[in-house]
Amino acid sequence: MKRYFAGVDIGSTMTKVVIFSDRIEATIIGPTGPEHRKLANKVMEEALNLAQIRFENLSYIIATGYGRINVPFADRQITEITCHAKGLHSLLPTVKTIVDIGGQDSKGIKIKDGKVVSFVMNDKCAAGTGRFIEIMADSIGVPLEDMGIISLTAEKAAPISSTCTVFAEHEIINKLASGETIPNLIAGIHESVATRVSAMVKKLTIEQDVAVTGGGAKNIGLVKALEKKLGCSIIVPPEPLITGALGASVLAKEIFEKYEREGQMPVRSSCGLQEAKIFS
Amino acid sequence: MAEEKKGRALATKAAASIPKFVRGNLAATIKAKEEGKKVAYAYIADGQDEIMRAMDIVPAWGESFAGVCAAKRDAEKYLQKAESDNFSRSLCTYATCTIGFDMIRSELGVDIVPDAPWGGMGRPDMILGSAQLLCDPRFKWPQATQHYLRDVPIFVGAMYYPPFDPKLNHHEQEKFYVKYCTEELRECVKFCEKHTGKKMDWDRLAEIVELSDKTWDLFIDTYELRKAIPTPMDTGDAMNTMVPLTFNLGTQEAYDFYKQLYDELQEKVKNKEGVVEPEKYRLIWAAGLPSWFALGDFQYFNSKGATFPVEVTYRGCEKIERLELPKTSDPLEHIAWRWVRYWTHWYDKARKRPGSLPKVERIIEYIEEYKCDGVVFHSAFSCRSWHAGIIHQAETLKKVYKEIPILILEGDIVDISSYNEADTHNRIDAFIEAVDAYKSRMG
């Protein structure tokens with residue numbers, strides 16, 4: 001009988017679910033948002049529909065991401081650091097360094113055989129995260145998803161000297177008013193984020209291959225800027241948003257099977273597919 | 001209004017008695033006037049502890065008071081006060097906290113500052129600074145303090161020790177440094193004599209120095225009991241039990257405290273009573289001062305089955321025998337040798353391992369002897385002298401020793417605005433998972 005496992009990654013901006021058997025059966029990405037945060041069950045329902053299975057068919061569920069404690073139906077919580085490492089390794093086994101640029105933080109992770117060797121995180125400052133780019137995109141009136149491609153047409157990146165997100169926004173508005181082109185400004189924004197992220201990641205001794213995950217990986221301009229700063233090429237996985245959820249689902253399978261080998265059953269959550277009560 | 005933090009559970013009875021010690025030290029600075037004693041602003045690891053004790057000078061420790069303000073989450077008013085006079089937030093927050101405190105004292109024109117945590121520090125009669133290599137603010141902190149206490153005389157000594165250079169034989173240089181330190185201490189004595197109107201009792205000083213040596217030995221013997229598995233005490237407690245060594249050196253109370261702690265730990269070892277049950281992971285606190293407002297994070301580690309049987313921070317002593325101190329009848333020269341050798345006794349070991357550093361050798365020795373599975377550093381942004389070298393230490397450790405899991409926590413010693421509990425706990429969670437993976441890899 002085929003067994004199914006699930007990984008639920010509640011990030012600051014997106015919620016991701018992966019249903020896994022011996023391959024990826026379904027992936028769903030939905031917004032987290034203040035209201036959605038308690039609705040991990042809804043995203044899970046969509047994933048189950050896509051995989052055409054019922055909740056009861058899931059043998060083990062792992063929640064990850066900063067909102068992992070708000071998934072009552074998860075059997076276990078594991079941090080996104082471990083899950084990213086596992087997920088990325090299952091997709092790209094040659095990768096030794098992961099750069100994750102999320103909506104609220106950024107991380108560098110060194111891995112060996114799919115396990116975390118060391119990591120660094122920026123969770124103190126919006127500069128160096130996806131949020132910085134999001135705010136700047138709003139300021140210059142460019143859709144977030146267009147930022148990457150537009151920046152590739154820049155003649156020269158306009159330097160952004162402020163590291164504080166609020167002051168950087170002000171600086172960009174001033175530069176715009178004084179005639180700086182949008183592509184140059186966006187390239188400058190990417191360079192600013194890449195500078196901060198690379199300074200953080202270099203605290204680890206970077207070993208190739210290097211991969212980038214998270215929302216930042218979907219921005220080609222940022223990836224190029226990061227490659228320049230790190231001095232090496234960077235691999236972008238096919239769907240960089242789901243590596244955490246994928247890793248959680250792979251870990252769910254491994255943990256379940258380990259218990260099974262030892263002739264035991266893992267402790268399961270007593271909650272059904274329900275929303276978190278913590279926010280109500 | 002200050003936000004009071006919930007009480008923190010401690011593993012040992014001895015550690016639980018420390019707040020009384022600290023309150024007692026602060027109260028002594030206030031009572032000193034009634035007792036006709038002089039009060040000196042003093043700074044830890046200054047080499048001047050025994051001189052003060054021998055001359056009945058009551059030390060008022062800025063670092064201790066700032067730590068109390070932070071632990072009570074009541075430091076912000078002093079930090080803001082200092083900031084209002086252009087002291088940057090990036091300066092040492094021990095310094096800016098106490099400078100803000102003295103600014104208020106100066107503005108109010110009072111000896112006792114109202115509403116200070118645990119009564120605050122009494123007004124000093126002198127400032128005994130120590131601008132040694134431990135940290136750079138020590139040069140300017142006492143001088144900046146004097147700006148608000150204009151009539152208070154100041155002495156800033158310097159207790160240097162030879163820098164580590166793998167190509168140089170420090171044994172040849174030590175004598176020069178010891179001579180320099182001894183002269184600095186002699187100047188300190190002269191300064192204290194002048195401002196107390198008393199002559200140094202050299203026999204009494206020699207006795208106090210001998211008591212300090214005994215306390216150093218007892219401290220190490222006590223802490224080595226923590227090698228036991230499970231460990232009977234971790235760093236969460238050690239951040240308290242360091243008080244007598246750090247702030248009461250040269251007193252019988254300090255010695256008696258470690259005797260009490262020794263007995264308690266011995267009993268716990270005998271009964272196999274650990275800090276956590278089961279003890280899954282043993283960690284070393286390898287560098288950095290703690291966030292005094294977040295000491296509860298040690299319990300968070302404990303909740304994951306992790307303990308710290310050893311720390312570098314506040315282990316400010318060594319077995320005297322290990323230091324091989326040259327014999328001298330001059331107690332000041334003895335203090336100077338003890339200070340210099342406290343640092344240099346790692347140098348030979350570091351020289352033998354290419355690319356290593358004395359601080360890294362110390363960490364390696366502790367990892368081996370205390371059987372640690374992971375390394376935790378705390379990078380406190382305002383403690384520049386220490387945290388600037390943490391990444392270098394971490395990298396060197398991995399290069400010359402082995403690929404052991406390392407966590408670098410980020411925060412501050414006093415300034416709570418740098419701290420986010422949820423993010424800190426998230427890092428700890430991820431680190432524990434990495435340590436678990438490391439242990440399973442290592443079998």
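The chains referred to below are lettered A, B, ... by the order of the sequence lines, with proteins before strands, and numbering in each begins at 1.
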Region of Ile391(B) in contact with chain A, defined by heavy-atom distances below 4.5 Å: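 Looking at Ile391(B), just its side chain touches chain A.
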Part of Leu407(B) within contact of chain A (heavy atom distance under 4.5 Å):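 The side chain, not the backbone.
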Short side-chain donor-acceptor distance under 3.5 Å, Gln77(A) and Asp429(B):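 Per modelled atom types, Asp429(B) and Gln77(A) side chains form no pair under 3.5 Å.
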Lys399(B) side chain to Thr205(A) side chain, donor-acceptor N/O pair below 3.5 angstrom: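 Checked: Lys399(B)/Thr205(A) side chains show no N/O donor-acceptor pair below 3.5 Å.
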Heavy-atom side-chain proximity of Arg427(B) to Thr79(A) below 4.5 angstrom: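 Not in contact.
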Side chain to side chain, Ile81(A) and Glu433(B), heavy atoms closer than 4.5 Å: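 No, side chains not in contact.
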For Val116(A) against Arg441(B), the heavy-atom pair lying closest together: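 That closest heavy-atom pairing would be O-NH1, 4.3 Å.
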Heavy-atom pair with the smallest gap, counting every atom of Lys203(A) and Glu395(B):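 For Lys203(A) and Glu395(B), the tightest heavy-atom pair comes out as O-OE2, 3.6 Å.
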Pair Lys115(A)-Asp436(B), salt bridge (charged side-chain N to carboxylate O under 4.0 Å, His left out): steps then yes or no: CA-CA 10 Å; Lys115(A) 288 183 175 169; Asp436(B) 191 67; over 6 Å; no
Spacing of [atom1] belonging to [X] relative to [atom2] belonging to [Y], to within rounding of 0.5 Å:
X         : Y         : atom1 : atom2 : result
Arg68(A)  : Asn426(B) : CZ    : CG    : 4.5 Å
Tyr438(B) : Lys112(A) : OH    : NZ    : 10.5 Å
Ile404(B) : Ser118(A) : CD1   : OG    : 12.0 Å
Phe119(A) : Ile406(B) : CZ    : CD1   : 11.0 Å

Heavy-atom neighbours of Arg351(B) CZ exceed 12 at 6.0 Å: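 Yes.
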Leu204(A), part contacting chain B, at a heavy-atom distance under 4.5 Å: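 It is neither, since no heavy atom gets under 4.5 Å.
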